[in-house]
Amino acid sequence: MRNVAMCAIFAGIFLAMSTPTLAEPTIVGPSGLFVNPTADITAQEHAWIALNFLDNDDNSIWTLNFTGSVSEEFEVGVGAVHPDDGEDGISFFLKWLFMPESEKYPGAAGGVTITDIAGHNSATFYAVASKFFYLGDNASENASVHGGLSYVTGSGDDEFEFFGGVDVEIVQDLIAIAEYNSDDGAFYGGWSYGVRYYLGPQFTTQAGFISGDLHIGASYVF
């Protein structure tokens with residue numbers, strides 16, 4: 001409960017009524033796919049609140065994240081982690097868009113996510129590039145490709161990892177997502193896939209499988 005209260009306090013910094021944006025939070029906080037960050041950031045003066053469920057081999061994990069922008073280049077957030085079996089945790093994250101996407105070149109961003117779960121601290125530093133491909137007028141002809149490198153420290157086995165993914169608009173408002181993360185020590189390591197659906201201009205739902213475990217989530221943008 002203390003972690004949830006802290007999240008609510010930080011959320012007050014971000015929340016202001018506005019129009020929607022297309023950079024939904026990941027299950028761990030920063031905007032992106034299901035688990036991997038992308039070079040997209042939440043639009044200026046916007047914020048997301050996202051609730052996610054992951055079965056995680058029958059030890060279910062719930063995450064609650066507040067993700068918002070403080071400028072056109074910086075995204076910040078705070079999150080709470082609640083496993084059904086274990087102690088609660090909290091996370092903080094920051095992303096910097098240092099190269100906006102252009103017609104010819106991908107966008108690029110760097111960030112850090114810091115977590116504290118049951119007194120165990122870890123930090124993930126990453127750099128990621130994203131490119132949108134507008135191939136035609138039909139929704140199914142548009143897609144984005146993402147790829148990046150991360151450095152995970154604090155686990156006692158510091159190492160570099162890589163990640164990537166693609167999202168494709170199947171029909172209007174329905175996005176198919178497939179992604180991979182090489183960090184086998186994380187609950188999201190391996191392949192993840194599923195769909196994201198826009199119920200309206202501000203409300204998004206998603207469902208799929210993260211490392212073989214069922215995932216369901218919902219996000220609301222302010």
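Under the 4.5 Å side-chain heavy-atom criterion for grouping Ile, Leu, Val, Met, Phe, Trp and Tyr, Phe93 is not connected to Leu97 through any hydrophobic cluster. Ile216 and Val195 are members of different hydrophobic clusters when ILVMFWY side chains are connected at heavy-atom separations under 4.5 Å. Under the 4.5 Å side-chain heavy-atom criterion for grouping Ile, Leu, Val, Met, Phe, Trp and Tyr, Val128 is not connected to Phe98 through any hydrophobic cluster. In terms of hydrophobic clustering, with Ile, Leu, Val, Met, Phe, Trp and Tyr side chains grouped at heavy-atom distances under 4.5 Å, Val28 and Leu54 are assigned to a common cluster. Both Tyr197 and Ile170 sit in one connected hydrophobic cluster of ILVMFWY residues. Membership requires side-chain heavy atoms under 4.5 Å apart, directly or through other members.
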Could you walk me through whether Phe222 and Tyr220 pass the ring pair (Phe, Tyr, Trp, His ring centres under 6.0 Å) test, one step at a time?
-> CA-CA 7 Å; Phe222 293 84; Tyr220 186 81; 4.8 Å; yes
Hey, mind stepping through Phe160 and Tyr151 against ring pair (Phe, Tyr, Trp, His ring centres under 6.0 Å) and telling me if it holds?
-> CA-CA 4 Å; Phe160 285 97; Tyr151 179 71; 4.9 Å; yes
Report the C-alpha separation of Glu179 and Tyr188 in whole Å, then their side-chain angles, then the decisive distance to 0.1 Å, and conclude whether the side chain to side chain donor-acceptor pair (under 3.5 Å) test is met.
-> CA-CA 10 Å; Glu179 56 185 315; Tyr188 49 77; over 6 Å; no
Walk me through it: do Ile177 and Tyr193 pass the test side-chain contact (heavy atoms from CB on, under 4.5 Å)?
-> CA-CA 5 Å; Ile177 294 173; Tyr193 55 90; over 6 Å; no
Might you work through the side-chain contact (heavy atoms from CB on, under 4.5 Å) test for His215 and Ile27, ending with a clear yes or no?
-> CA-CA 9 Å; His215 159 60; Ile27 193 173; 4.0 Å; yes
Could you give me the CA-CA distance, side-chain angles and deciding distance for His46 and Ser69, then say whether side chain to side chain donor-acceptor pair (under 3.5 Å) is met?
-> CA-CA 6 Å; His46 294 207; Ser69 65; over 6 Å; no
May I have the step-by-step check of side-chain contact (heavy atoms from CB on, under 4.5 Å) for Ile114 and Asn121, ending in yes or no?
-> CA-CA 7 Å; Ile114 300 172; Asn121 298 304; 5.8 Å; no
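Side-chain contact, Asn36 with Asn181: a donor N or O sits under 3.5 Å from an acceptor N or O. Defined by atom type and a distance below 3.5 Å, a donor-acceptor pair is present between the side-chain atoms of Ser122 and Thr115.
Here Asp183 contributes atom CG and Ser150 contributes atom OG; the two are 6.5 Å apart, rounded to the nearest 0.5 Å. Note that the OG atom of Ser31 and the CD1 atom of Ile41 stand 7.0 Å from one another [nearest 0.5 Å]. Here the straight-line distance linking atom CZ of Arg196 with atom CG of Asp173 works out to 13.0 Å at 0.5 Å rounding. Considering OG of Ser130 and CG of Asp40, their distance stands at 5.0 Å, rounded to 0.5 Å. Going from atom OH of Tyr180 over to atom CD of Glu161 covers 8.5 Å, rounded to the nearest 0.5 Å. Interatomic distance, Asn52 CG to Phe34 CZ, rounded to the nearest 0.5 Å: 9.5 Å.
Between Glu72 and Gln44, the shortest heavy-atom contact is CG-OE1, 3.0 Å. Among all heavy-atom pairs drawn from Thr67 and Gly29, the shortest one is OG1-O, 2.9 Å. Nearest approach of Ser91 to Asn65, heavy atoms of both residues: OG-OD1, 4.3 Å. For the residue pair Ser219 and Phe203, the shortest heavy atom distance occurs at O-CD1, 3.3 Å.
Glu24 has its side chain within reach of Tyr198: a pair of non-hydrogen atoms, C-beta onward, lies under 4.5 Å apart. For the pair Ile49/Leu64, a side-chain contact is recorded, criterion being any heavy-atom separation below 4.5 Å from C-beta on. Inter-residue side-chain proximity for Pro83 and Asp88 is flagged as met; some heavy-atom pair is nearer than 4.5 Å. Inter-residue side-chain proximity for Lys95 and Tyr126 is flagged as met; some heavy-atom pair is nearer than 4.5 Å. In this structure, Ile210 and Val35 have side chains that are in contact, with non-hydrogen atoms separated by less than 4.5 Å. Between Pro37 and Phe163, the closest side-chain pair of non-hydrogen atoms falls below 4.5 Å. Between Phe125 and Thr113 there is no side-chain heavy-atom pair separated by less than 4.5 Å. A 4.5 Å side-chain heavy-atom check between Ile175 and Val168 finds every atom pair outside the cut-off.
With sequence neighbours excluded, the residues forming a ring-ring contact (aromatic ring centres under 6.0 Å, His included) with Phe53 are Trp62, listed by chain and number.
The number of heavy-atom neighbours closer than 6.0 Å to CG of Asp84, taken from other residues, nucleotides and ligands shown, is above 12. Under a cut-off of 6.0 angstrom, the local environment of OH in Tyr105 is sparse, with at most 12 non-hydrogen atoms contributed by other residues, nucleotides or ligands.
Remark: the backbone N or O of Gly189 is paired with a side-chain donor or acceptor of Ser211 at under 3.5 angstrom. A donor-acceptor pair is defined here as one N or O able to donate and one able to accept, closer than 3.5 Å; such a pair exists between the side chain of Asn59 and the backbone of Asp85. No donor-acceptor pair under 3.5 Å is formed between the side chain of Thr124 and the backbone N or O of Val152. In terms of modelled atom types and a separation under 3.5 Å, the side chain of Asp213 and the main chain of Phe209 share no donor-acceptor contact.
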